[in-house]
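Per chain, numbering begins at 1; letters A, B, ... match sequence-line order.
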Amino acid sequence: MLIPMSPDAHADATTGPDASVARYDPLAIEPPIASRWVDEGTYELDCAGDDERFYALTMFPYPSGDLHMGHAEIFSIHDALVRHLRMTGHAVLNPIGWDAFGLPAENAARKRGENPDEWTRANIEEQAASIRRLGFSFDWSTRLHTCDPEYYRWTQWIFLELFHAGLVDRKEGLVNWCPGCETVLANEQVVDGRCERSDDLVQRRPLTQWYFRITDYAEELLDDLDTIDWPDRVKSMQRNWIGRSEGAEITFEVADDSDDEVVVYTTRPDTIFGATYFVFAPEHPLVLARMADDPGYADYLEEVSRRSDIERQATLGEDRRDKRGHRLDFDMVNPFTGETIPAFAADYVLMDYGTGAIMAVPVGDQRDFEFARANDLEVRVIIHPTDDEGNHLDPLDPDTMEEAWVGPGTMVGSGEYDGMPWQEAKAAIIDDVADKGWGRGTVNFRLRDWLISRQRSWGAPIPMVHCASCGPRPVPADQLPVELPDDLDWTVSGSPLAAHPTFAETTCPDCGGPARRDTDTMDTFVDSSWYFLRYLSPTDDTRAWPREKAGAWLPVDQYTGGVEHAILHLLYARFFVKALRDRGHVAADEPFQALLNQGQVILDGSRMSKSRGNLVRPGDVSEEYGADTLRGTILFASAPEDDIDWADVSPSGMNKWLARVWRLNLELGDAEVADGGADVDVAELRRAVHQRILAVSDDYDQFKYNTAIAKLMEITNATMDAERAGVAGGAVREALDAVLLMLAPICPFITEELWQRRHGASVHDQAWPRADESLLEVDTVDVIVQVNGKVRGKVAVASGADESVVEAAAMADDNAARFLAEGEVRKVIHVPDRLVNFVVA
RNA sequence: GGGCGAGUGGCGGAAUUGGUAGACGCGCACGGUUCAGGUCCGUGUCCUCGAAAGAGGGUGAAGGUUCAAGUCCUUUCUCGCCCA
């Protein structure tokens with residue numbers, strides 16, 4: 001449909017015959033540009049020049065449906081960063097792929113009878129189309145999917161590498177079982193005793209599973225946090241999770257004729273003189289053996305098994321003080337005092353923490369204290385409390401104290417250690433424990449080994465076979481991949497892979513006899529622990545990645561993604577790089593040198609989700625206002641790390657400003673027009689522009705896109721003021737071009753269209769603008785005049801004027817003079833070019 | 001309970017790191033231009049007093065340091081996250 005040409009200036013400024021271009025119409029200009037970028041491979045990495053290499057990575061999406069606002073946000077941040085880097089002379093590796101294995105696909109398959117593969121690939125295509133439409137400048141030649149055999153072949157290869165490095169264990173343990181997901185989970189996937197995915201209460205089951213020995217790297221994972229540029233809170237979350245503590249293992253003997261002895265781990269060996277009883281985890285083997293004939297104990301065990309770990313570990317509380325323990329029919333001997341102390345089983349001690357047994361010190365541990373009070377056990381004071389400076393506080397009274405003392409103090413009632421500050425006593429006791437052969441000082445970590453077996457089937461099969469005579473044997477690397485059969489029955493309950501009639505049938509790679517494949521798959525966090533390496537050569541079918549490329553590109557220079565991965569993914573990937581380094585496959589110590597966590601996009605204060613029905617999708621916005629408006633709105637709303645409440649943002653405001661940018665570019669700044677306007681007005685505009693170039697560049701370096709946009713808006717405001725004052729020609733063009741260049745990383749379409757119309761080249765190939773410092777110099781500055789710290793006026797003085805000149809000018813200010821007259825000037829503070837403050841009394 | 005982070009107009013948020021608090025935008029009010037209009041262009045907008053000039057108050061609360069505090073220190077309240 002033809003729109004009649006209006007006879008105003010708008011139409012005159014258009015270059016083409018199509019009059020509709022006069023109006024900012026993002027829905028018309030964006031799609032052709034987006035397809036051109038993909039068709040021409042515009043953003044494929046080009047290392048031909050001598051540009052500095054930069055690996056920019058954003059967490060690859062999980063294809064659970066179309067893109068959501070969280071994706072749009074992180075990609076907008078990431079793409080602004082990437083496009084800015086290109087303009088500042090970097091060869092940026094900017095890959096894209098999909099984290100495509102996982103339970104949701106399997107659940108969808110079961111519910112709707114679809115194949116998870118089809119479901120996943122359909123979602124991927126939908127997301128890919130949205131990513132292209134929004135103009136994110138990924139290098140599509142790197143594209144990978146973790147569910148492709150060409151990818152998981154190498155996931156399995158890494159499993160074997162770790163296996164040969166001795167980092168894979170098959171162990172029995174009490175594992176976390178999620179009844180909803182019908183699989184075991186890693187510790188990291190259990191939050192407050194619930195499955196982080198399905199929210200089901202996690203059960204403890206004894207099962208034999210595959211583990212990666214991440215604990216072998218606990219110390220290094222902790223120490224190397226100091227070498228990476230990550231947000232402090234992510235580092236401290238990892239530190240907490242790894243949970244290093246120094247303490248001692250001490251052996252206690254059973255007080256009878258047997259040679260039975262038990263090792264406890266304690267972080268407070270200094271309190272051993274206060275150990276008045278001893279506690280075993282109810283499932284402790286020694287207890288099970290010794291209490292086998294006691295029916296009362298069997299009842300107790302039965303009762304304990306019904307309680308979750310959280311319930312068991314919670315501070316006891318008034319209501320059930322007496323129900324949590326069982327007196328055993330034997331005692332223990334405290335090696336330091338030689339005393340016999342009673343032994344209990346109590347559910348607040350867990351079998352898989354420490355050694356499953358503790359020495360109980362009521363005076364120094366709250367749970368021990370409460371248990372002691374509930375069971376009328378002795379509370380023995382072995383510490384005299386002090387404050388942090390070491391000053392003594394009131395001594396503790398074992399009969400009246402109401403909670404354990406966990407603060408600092410000096411030792412009392414502890415034999416030769418009396419009088420020592422507690423840290424000193426701790427060190428001394430650790431030494432003595434070792435000397436006397438009762439134990440040793442140890443470093444303990446909270447971090448557990450990573451359980452990677454999953455009883456699910458939309459994942460990478462674990463490349464192991466179980467041979468009756470040879471035991472579990474690795475599949476030889478040249479037989480990879482162990483492929484998922486394409487005829488799995490996804491409707492069965494339990495694991496389709498385990499239910500498959502022939503998948504498990506194989507022969508032992510060692511003896512050639514009949515053997516069974518492992519029917520579990522790997523945790524999907526295994527897939528995502530190395531994808532940044534595969535991006536270096538996604539189609540190479542001879543190796544996972546070339547070593548020399550890994551040397552050149554790792555670590556990733558800048559990683560962007562959500563803080564929800566602060567522990568899981570980021571810890572696992574760090575472990576992988578360290579383990580692969582030790583196998584000689586990479587040179588780097590860490591995968592991600594710098595990390596940027598974006599905030600969340602919420603709506604009306606709560607998380608957007610399908611189930612809440614409060615979804616705003618990126619497509620809703622881009623279909624109405626275009627991708628540039630969506631991207632600009634997101635980045636303008638707040639700093640990247642902060643949450644955005646979509647109820648508070650205004651796409652129409654951003655759209656309005658972009659329309660203004662459009663109009664100004666078409667109406668003004670024509671090079672044909674002779675330079676016009678008073679010299680001062682021209683100089684003022686140019687100064688405003690060049691000041692902003694400096695400031696915006698700074699904002700980009702700090703990822704502060706919200707203030708960068710604000711300053712670009714200031715340039716357009718200044719341009720309109722200048723235009724009204726009669727400024728025309730070169731200075732206006734310079735201002736408009738500066739906006740286009742510096743807006744290009746944020747709104748890539750409108751800037752591209754306008755730049756091409758004006759200059760015939762791509763704005764994204766231009767160099768980042770540089771401020772001309774000579775334009776920033778000013779003759780006069782406004783200096784604030786304060787009297788007794790209150791602003792009383794403002795005077796214009798020559799820039800760099802010395803104190804006497806400024807003082808004189810300030811005193812001549814009418815308003816300031818009124819207040820100066822009220823007393824005598826005692827002191828003058830002069831901040832050059834900023835402020836002068838008279839202290840009057 | 002411990003650790004970390006944050007509290008600034010009606011709203012999102014700014015404040016060269018101690019130097020004019022509220023940039024920029026949204027919203028709102030008024031005026032103009034259009035009136036096909038979710039258009040465009042002005043002006044105003046922290047609170048109180050005032051016609052204005054200006055004055056007083058003001059960054060969760062209370063103290064403190066300083067010529068000067070949103071910014072530094074102490075105490076405290078609220079919220080968020082992580083660990084118990």
Side-chain angles (χ1 to χ4, degrees), chain A residues 3-4 6 8-10 23-24 191-192 231-243 309-310 313-315 353 365-367 403-404 406-407 446 563-564 566-567 597 599-600 602 605 624-625 632-639 641-657 659-660 663-664 667 691-692 694-696 698-699 704-718 720-721 723-724 782-795 814-816 818-819 825-841:
Chain A
I3 297 169
S6 53
D8 59 14
H10 298 223
R23 179 178 288 278
Y24 173 50
V191 179
D192 289 338
D232 287 340
R233 78 181 163 137
V234 176
K235 290 200 210 179
S236 80
M237 281 164 74
Q238 293 218 347
R239 277 191 199 103
N240 278 333
W241 189 261
I242 296 167
D309 279 7
I310 329 261
Q313 286 182 285
T315 311
Y353 270 58
D365 180 280
Q366 185 61 19
R367 283 182 298 207
E403 57 182 12
V406 294
R446 209 184 77 98
V563 74
E564 66 272 18
I567 294 173
N597 284 133
Q600 309 231 310
I602 56 177
E624 184 174 5
Y625 295 109
T633 303
I634 289 169
L635 293 182
F636 188 50
S638 69
E641 316 80 53
D642 296 335
D643 289 351
I644 297 174
D645 193 326
W646 201 258
D648 296 328
V649 305
S650 171
S652 67
M654 177 55 53
N655 192 253
K656 203 163 109 179
W657 178 63
R660 178 180 288 183
R663 198 160 10 85
L664 291 175
E667 288 175 5
Q691 262 169 6
R692 299 309 187 281
L694 222 50
V696 172
D698 215 48
D699 285 343
K704 290 164 71 176
Y705 306 109
N706 54 336
T707 51
I709 293 170
K711 282 156 198 159
L712 296 178
M713 289 172 166
E714 287 172 356
I715 299 182
T716 53
N717 291 346
M720 290 195 297
D721 289 346
E723 194 260 340
R724 234 170 276 126
D782 285 340
V783 171
I784 301 305
V785 182
Q786 293 185 340
V787 179
N788 286 340
K790 287 188 186 293
V791 178
R792 298 301 183 189
K794 186 162 75 172
V795 291
D814 287 350
N815 199 47
R818 274 170 52 209
F819 291 89
V825 176
R826 295 290 163 98
K827 193 172 172 186
V828 180
I829 285 94
H830 178 235
V831 183
D833 286 354
R834 299 198 65 83
L835 158 149
V836 62
N837 185 15
F838 297 93
V839 183
V840 169

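Straight-line distance from the CG atom of A:Leu635 to the P atom of B:G25: 17 Å, rounded to whole Å. Computed from coordinates, the A:Asn717 CG to B:G25 P distance equals 5 Å when rounded to whole Å. Rounded to whole angstrom, the span from the CG atom of A:Asn815 across to the P atom of B:U20 amounts to 18 Å. Between the CG atom of A:Leu835 and the C1' atom of B:U20 there is a distance of 8 Å, given to the nearest Å. A straight line from CD1 of A:Ile567 to C1' of B:C83 spans 9 Å, rounded to a whole angstrom. Rounded to an integer number of Å, the gap from CZ of A:Arg792 to P of B:A68 is 14 Å. The interatomic distance linking A:Asp721 (CG) with B:C41 (C1') rounds to 12 Å, in whole Å. In this structure, the NZ atom of A:Lys704 is 9 Å from the C1' atom of B:A14, given to the nearest Å.
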Next item on the list: Decide yes or no on side-chain contact (heavy atoms from CB on, under 4.5 Å) for A:Val785 and A:Phe838, but give the supporting numbers first.
Entry: CA-CA 8 Å; A:Val785 182; A:Phe838 297 93; 4.1 Å; yes

Next item on the list: Carefully, step by step, assess A:Arg724 and A:Asp721 under the rule side-chain contact (heavy atoms from CB on, under 4.5 Å).
Entry: CA-CA 5 Å; A:Arg724 234 170 276 126; A:Asp721 289 346; 3.2 Å; yes

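With hydrogens and angles ignored, no donor-acceptor pair under 3.5 angstrom links the side chain of A:Asn240 to the base of B:C83. No N or O donor and acceptor, one from the side chain of A:Gln600 and one from the base of B:G80, sit under 3.5 Å apart.
Remark: the separation of the P atoms in B:G70 and B:A15 is 16 Å, to the nearest Å. Separating the C1' atom of B:G3 from that of B:U8 is a span of 26 Å, rounded to the nearest Å. Between B:U17 and B:C30, the two C1' atoms lie 40 Å apart (nearest whole Å). Rounded to the nearest Å, the gap between the P atom of B:G58 and that of B:A53 is 22 Å. Taking atom P on both B:C67 and B:A62, the two are 23 Å apart, rounded to the nearest angstrom. Look at the P atom in both B:G54 and B:U45: the space between them is 14 Å, to the nearest Å. B:U39 and B:C47 have their C1' atoms separated by 35 Å, with the value rounded to a whole Å. Across the C1' atoms, B:A23 and B:G13 are found 10 Å apart, a figure rounded to whole Å.
Among the atoms of the strands shown, base atoms are found under 4.0 Å from some heavy atom of A:Tyr625. Residue contacts shown for A:Arg692 are absent, as no nucleic acid heavy atom lies under 4.0 Å away. Counting any heavy atom pair closer than 4.0 Å across all strands shown, A:Trp657 reaches no nucleic acid atom. At the heavy-atom level, A:Ser236 lies nowhere under 4.0 Å from the strands shown. Among the protein residues, A:Glu624 comes within range of the nucleic acid bases, having at least one heavy atom under 4.0 Å from a base atom. Looking at heavy-atom distances under 4.0 Å, A:Lys656 makes contact with sugar-phosphate atoms alone, never a base. A:Arg724 comes within 4.0 angstrom of the backbone, heavy atoms only, and of no base. Using a 4.0 Å heavy-atom criterion, one finds that A:Arg660 contacts the sugar-phosphate atoms exclusively.
Residue A:Lys790 has no polar side-chain atom (N or O) positioned under 4.0 Å from OP1 or OP2 of B:A21. A:Arg239 has no side-chain polar atom (N or O) that falls below the 4.0 Å cut-off from OP1 or OP2 of B:C83.
Of the two residues contacting RNA chain B, namely A:Asn788 and A:Val791, the nearest-nucleotide position lying further toward the 5' end is that of A:Val791. Toward the 5′ end of RNA chain B lies the nearest nucleotide of A:Ala710, the other residue of the pair A:Arg818 and A:Ala710 mapping further downstream.
Among the nucleotides B:A55, B:G19, B:G56, the one closest to the side chain of A:Phe819 is B:A55. Distances from the side chain of A:Lys827 to the nucleotides B:G42, B:C67, B:G54 place B:C67 closest. Picking from B:C82, B:G19, B:U20 the nucleotide with the shortest atom distance to the side chain of A:Met237 gives B:C82.
B:A21 is unpaired under the criterion used here, namely a Watson-Crick or G-U wobble arrangement in which both key atom distances are under 3.5 Å. B:G10 and B:C26 make up a base pair, with Watson-Crick or G-U wobble contacts both under 3.5 Å. In this structure B:U71 sits in no base pair that meets the Watson-Crick or G-U test at under 3.5 Å. Across all strands shown, B:G1 forms a Watson-Crick or G-U wobble pair with B:C83, both key distances being under 3.5 Å. If you check B:G56 for Watson-Crick or wobble pairing at under 3.5 angstrom, you find it paired to B:C47. Pairing for B:U65 is absent, with no Watson-Crick or G-U wobble pair whose two atom distances lie under 3.5 Å.
Under the 4.5 Å side-chain criterion, counting only non-hydrogen atoms from C-beta, A:Asn717 is in contact with A:Arg660. Side-chain atoms of A:Arg692 and A:Met713, non-hydrogen and from C-beta on, never get closer than 4.5 Å to each other. Side-chain contact between A:Trp657 and A:Leu712 is present, with heavy atoms from C-beta onward closer than 4.5 Å.
Contact between A:Trp646 and A:Pro651 at its shortest, heavy atoms only, is CZ2-CG, 4.3 Å.
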Check: Which nucleotides of nucleotides 8-13 of chain B have their base under 4.0 Å from a protein heavy atom (B), which only their sugar-phosphate (S), and which neither (-), written as one string 5' to 3'?
Finding: ---SBS

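B:G63: glycosidic angle beyond 90° from 0, hence anti.
When atom types are taken as modelled, the side chain of A:Asn837 and the backbone of A:Gly789 share a donor-acceptor pair closer than 3.5 angstrom. In this structure a side-chain-to-backbone donor-acceptor pair under 3.5 Å is missing from A:Asn706 to A:Ala637.
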